[in-house]
S.K.: 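Before anything else, here's the structure in question.
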Amino acid sequence: MTIPSALDPAAAVRTALPDVLLDTVEFRGETTLVVARERIVEVATVVRDTPGLVYNFLSDISAVDYWEPYGGWGERPERFAVSYHLLSMLYKRRLRLKVYVPEDNPVVPTIIGIWPAANWLEREIHDLMGIYFDGHPDQRRLMLPDDWQGHPHRRDYPLGYETIMFSFNADEIMKHKPFAKE
Amino acid sequence: MGVISSKLGNLGIVTTTLDEAVNWGRTGAMWPLLFGLACCAIEYMSTQASNYDLARFGMELNRASPRQADLLIVAGRVSRKMAPVIRQLYDQMAAPKWVISMGDCASCSGVYNNYALVQGVDEVIPVDVYVAGCPPRPEQLIHGILTLHEKVRGDHIKEWAS
Amino acid sequence: MVLQTPEKTGEVYKWEGSVEELKGLVTERAITGETMLLNMGPHHPSTHGVLRLLLELDGEEIVSCLPDVGYLHTGIEKNMEHKTYEKCVTLTDRMDYLAPMSNNLAFCLAVEKLVDLDVPERAQIIRVICMELTRLNSHLVWLGTHALDMGAMSVFLYCFREREIILEMFEMLSGQRMMSSYIRPGGVWRDIPPEFMPALEKFLDYMPGKIDDYEKLLTNNPLWIDRTQGIGIIEPDVAMAWGVSGPSLRGSGVSWDIRKAMPYSGYEQYDFNVPVGEHGDVYDRFYVRILEMRESVKILGQALKRLTPKGPFRSDNRKFVPPPRSELGQSMEAVIHHFKLWTEGFSAPDEEVFVAIESPRGEIGCYLHGAGDNKPRRVHFKTPSFMHIAALPVMSKGHLIADLVGIIGSVDIVLGDCDR
């Protein structure tokens, strides 16, 4: 069995789907393909099935929030981004697909049909980052209780609610701390 | 009598107070609930295992059912999702019951001051002994257990029977 | 508990406890009441922590299994966004608490990639030693608890006896038994103490015999074989599709080890095998891990030969790594660097990197997005236990509920790793 030689992922995607690639970024040897949000399923199918790419293993899906007070999104088009980290076990290399997600309509098509592993990874992002995955079969929260409000990993969500206790304010906090009764 | 007295000799009589006899019994076989949350649970397992051998204090028997347990060792961080479960476990335990909050996370949520964690398990259940450390060494946990024993030895029947 | 949260940003899903809500997740027979819905956990002796499983049972047979995680959700990723890179290392320890050093290394490699920082060779050897000791440490806990779940009590006591020796070595290195935070961006925290190398040497002589002992207890034990062979089978292609990695994937016959395939920290210089299973059942996953422990001992022996007692243990790039104490008394520059690093930390570019390493459980990946200043914009960990719990329904389908305990044990889950 001969293994077809490895292809450049950007060029291969551009050949297969001409108008889908918005940008490519190279940083420290990592390739990022920024693709159109609506067409992530097509791109994922292409990079998985094209001989010479064969990104067969979904390593990770992670979301990032470029909220203004923390650096802001600057040149980036939208507030949120979802990154898909793919691994090709055959060619021993990684690829990142990235989609930008607008603040007012945070929805991305699900890729659960391509990699079942995306199931929980997408649920986690839905729960913690508030980005919804269209077509996902299980829309329950994953990490937090079902009655939780808000999405904690967004940068506009506060880190905590309770004042940190130091020796100077310990007495004050101890007065109000809701200690449990028997 | 026969066999026992010939082996042990004349056992004689020991005089003590009822308080002390009851508390001796309680400290001698305090069964912990088989319950672990996070990192501290691993150190708790180490305490149970060969090197530290918690059986020396009559605690080798972990009960998985809260109905049969006397001691709840909260070993690890308590998330807001877990807090109601812990309260329920505590409520299901039969009195007399004690709680050791093991580690910084359970005592005051340690290095995490954030949305997900209860800032100290004492907001959910009453705690008898706090053990510091992240995670505490087995020796520290044993010290916590001995401190609890001391506390139990100071109990009076009058106080809880009224 | 009333929480002051910001404006709710989307629809809030509420599970009121009605079976109707589970439509599509369990079979129709559960809705009509023909099969039984059973709740296992979050307080259960053999779920390795606080995992909750909603099981649909037909008699004793599992029809479907819905894992529910998050009982240990700690918000570590969110906390990291509010700390400098140096301080984040402390938090990574507490994710996968059986293999703290693996988390350290994944995060530190990501930081080093982000800021383009080189690590001296000797530091990499120390890191490899730490990684393999961590692997042994983690596998020992796994073996002990897995055997305990299946009813073999004595293995637990033996495993924890050996584990104490490893923890003592960690204490020599870092002063802490478990949460050592020993691996830092740019190298390791401090040089190895003089008593470490003799201790490791002694341990390497001692350990292989002990692994033989575990094998004597379990490998050919007919009871163990009955309980584990043919249970929890996952086919290689299914395993890959579900993101199963590490020894659990190798148990299915896929020879994929990041240490071998995409080496980091100089793993390409070590001679070791990647044990591979055949059937993908509980027994194969068990046996792969046992063989892996032997390989770890082998790597440790090679690393010990290469390790020199003295030499650099972290990078001397003063912009990212604090200067040694000896320099502080003589150099004004060193004082400034020290002050800057411990108050402000170093800045990283507004870019993203993803680094994955082979932890004892599988592929642990760190996605790190800098923000152009001293704190990360986003840290996300892809953790093996998370993927393995997601794949539990596939493995447990059609098995008896008693075997589920073995399956959970065999994929070696740590709930802190899963929930973060």
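Reminder, nothing fancy here: chain letters follow the sequence lines and each chain counts from 1. No hydrogens, no waters, no symmetry mates; every other heavy atom, side chains included, goes into these values.
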S.K.: Applying ring pair (Phe, Tyr, Trp, His ring centres under 6.0 Å), can you list everything that pairs with C/Phe160, at least two apart in sequence or on another chain?
M.R.: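 Partners of C/Phe160 under the ring pair (Phe, Tyr, Trp, His ring centres under 6.0 Å) test: C/Phe156.
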
S.K.: Where do B/Ala38 and C/Leu72 come nearest, in terms of heavy atoms and distance?
M.R.: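 Scanning both residues completely, I find the closest heavy atoms to be CB-CD2, 3.9 Å.
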
S.K.: Using a cut-off of 6.0 Å, state whether more than 12 heavy atoms not belonging to C/Lys87 lie near its atom NZ.
M.R.: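 Incorrect, the count does not exceed 12.
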
S.K.: Angle between ring planes, B/Tyr115 versus C/His73, binned at 30° and 60°: parallel, tilted or perpendicular?
M.R.: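 The arrangement is tilted - the two ring planes meet at 30° to 60°.
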
S.K.: Can you list everything that forms a salt bridge (Lys or Arg N to Asp or Glu O under 4.0 Å) with C/Glu168? Sequence neighbours excluded, please.
M.R.: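 Applying salt bridge (Lys or Arg N to Asp or Glu O under 4.0 Å) to C/Glu168 gives none.
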
S.K.: Spell out, as yes or no, whether a donor-acceptor pair under 3.5 Å connects the side chain of B/Ser79 to the backbone of C/Tyr71.
M.R.: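 The answer is yes, because a donor-acceptor pair under 3.5 Å joins these two groups.
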
S.K.: If you take all heavy atoms of C/Tyr97 and B/Ile42, which pair is closest and at what distance?
M.R.: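 So the minimum-distance heavy-atom pair works out to CD1-CG1, 3.6 Å.
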
S.K.: If you count the non-hydrogen atoms of other residues, nucleotides and ligands that lie under 6.0 Å from OH in C/Tyr158, is the total more than 12?
M.R.: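 Open.
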
S.K.: Kindly give the heavy-atom pair with the smallest separation between B/Ala116 and C/Gly75, and that separation in Å.
M.R.: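 For B/Ala116 versus C/Gly75, the nearest heavy atoms are CB-N, 4.0 Å.
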
S.K.: If we ignore hydrogens and angles and just use 3.5 Å, is the side chain of C/His43 paired with the main-chain N or O of B/Leu34 as donor and acceptor?
M.R.: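 The answer is yes, because a donor-acceptor pair under 3.5 Å joins these two groups.
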
S.K.: Considering residues, nucleotides and ligands other than B/Gln92, do more than 12 of their heavy atoms fall under 6.0 Å from its CD?
M.R.: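 Yes, because the 6.0 Å sphere around CD of B/Gln92 holds more than 12 heavy atoms from other groups.
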
S.K.: Taking every heavy-atom pair that is under 4.5 Å apart, which of B/Val78, B/Val111, B/Ile86 has the most such pairs with chain C?
M.R.: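 That would be B/Val111.
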
S.K.: What part of B/Asn113 lies closer than 4.5 angstrom to a heavy atom of chain C: side chain, backbone, both or neither?
M.R.: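 B/Asn113 touches chain C through backbone heavy atoms alone.
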
S.K.: Looking only at heavy atoms, which two atoms of B/Arg77 and C/Gly416 are closest? And how far apart?
M.R.: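 For B/Arg77 and C/Gly416, the tightest heavy-atom pair comes out as NH2-CA, 3.7 Å.
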
S.K.: Out of curiosity, C/Met95 CE to B/Cys39 SG, how far, rounded to the nearest 0.5 Å?
M.R.: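 Result: 11.0 Å between the selected atoms.
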
S.K.: Is any NZ, NE, NH1 or NH2 atom of the basic residue among C/Asp68 and B/Lys81 found under 4.0 Å from an Asp or Glu carboxylate oxygen of the other?
M.R.: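 B/Lys81 and C/Asp68: salt-bridged.
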
S.K.: Mind checking whether B/Cys134 and C/Arg94 have side chains closer than 4.5 Å, heavy atoms only?
M.R.: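 In contact.
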
S.K.: Nearest heavy-atom pair of B/Gly36 and C/Val50: which atoms, and what distance?
M.R.: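 Taking B/Gly36 first and C/Val50 second, the nearest heavy atoms are O-CG1, 3.9 Å.
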
S.K.: For B/Asp128, which residues count as a salt bridge (Lys or Arg N to Asp or Glu O under 4.0 Å) partner, sequence neighbours excluded?
M.R.: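 Partners of B/Asp128 by the salt bridge (Lys or Arg N to Asp or Glu O under 4.0 Å) criterion, ordered by chain and then number, come out as B/Lys151.
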
S.K.: Can you check whether anything in residues 177-184 of chain C gets within less than 4.5 Å of chain B, heavy-atom wise, and list it by number?
M.R.: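 Counting heavy atoms that sit under 4.5 Å from chain B, the residues of residues 177-184 of chain C involved are C/Arg177, C/Met178, C/Met179.
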
S.K.: Under 4.5 Å from any heavy atom of chain B, what part of C/Glu162 do you find: side chain, backbone, both or neither?
M.R.: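 Neither part.
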
S.K.: Heavy-atom cut-off 4.5 Å, strictly under: side chain, backbone, both or neither for C/Thr90 against chain B?
M.R.: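 Looking at C/Thr90, nothing touches chain B.
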
S.K.: With a 4.5 Å cut-off on heavy-atom pairs, point out which of B/Cys105, B/Ser65, B/Ser109, B/Pro138 contacts chain C the most.
M.R.: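 Top option by heavy-atom pairs under 4.5 Å: B/Pro138.
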
S.K.: Could you give me the CA-CA distance, side-chain angles and deciding distance for B/Met45 and C/Val141, then say whether side-chain contact (heavy atoms from CB on, under 4.5 Å) is met?
M.R.: CA-CA 9 Å; B/Met45 273 155 67; C/Val141 178; 4.2 Å; yes

S.K.: Pick one of side chain, backbone, both or neither for B/Ala64, based on which atoms fall under 4.5 Å of a heavy atom in chain C.
M.R.: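 For B/Ala64, heavy atoms of backbone and side chain both lie under 4.5 Å from chain C.
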
S.K.: Any side-chain to backbone donor/acceptor pair from B/Asn114 onto C/Ile76? Under 3.5 Å, distance only.
M.R.: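 No, because the side chain of B/Asn114 does not come within donor-acceptor range (under 3.5 Å) of the backbone of C/Ile76.
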
S.K.: To the nearest 0.5 Å, how far apart are CD in B/Glu43 and CG in C/Leu167?
M.R.: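 One finds 6.5 Å between CD of B/Glu43 and CG of C/Leu167.
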
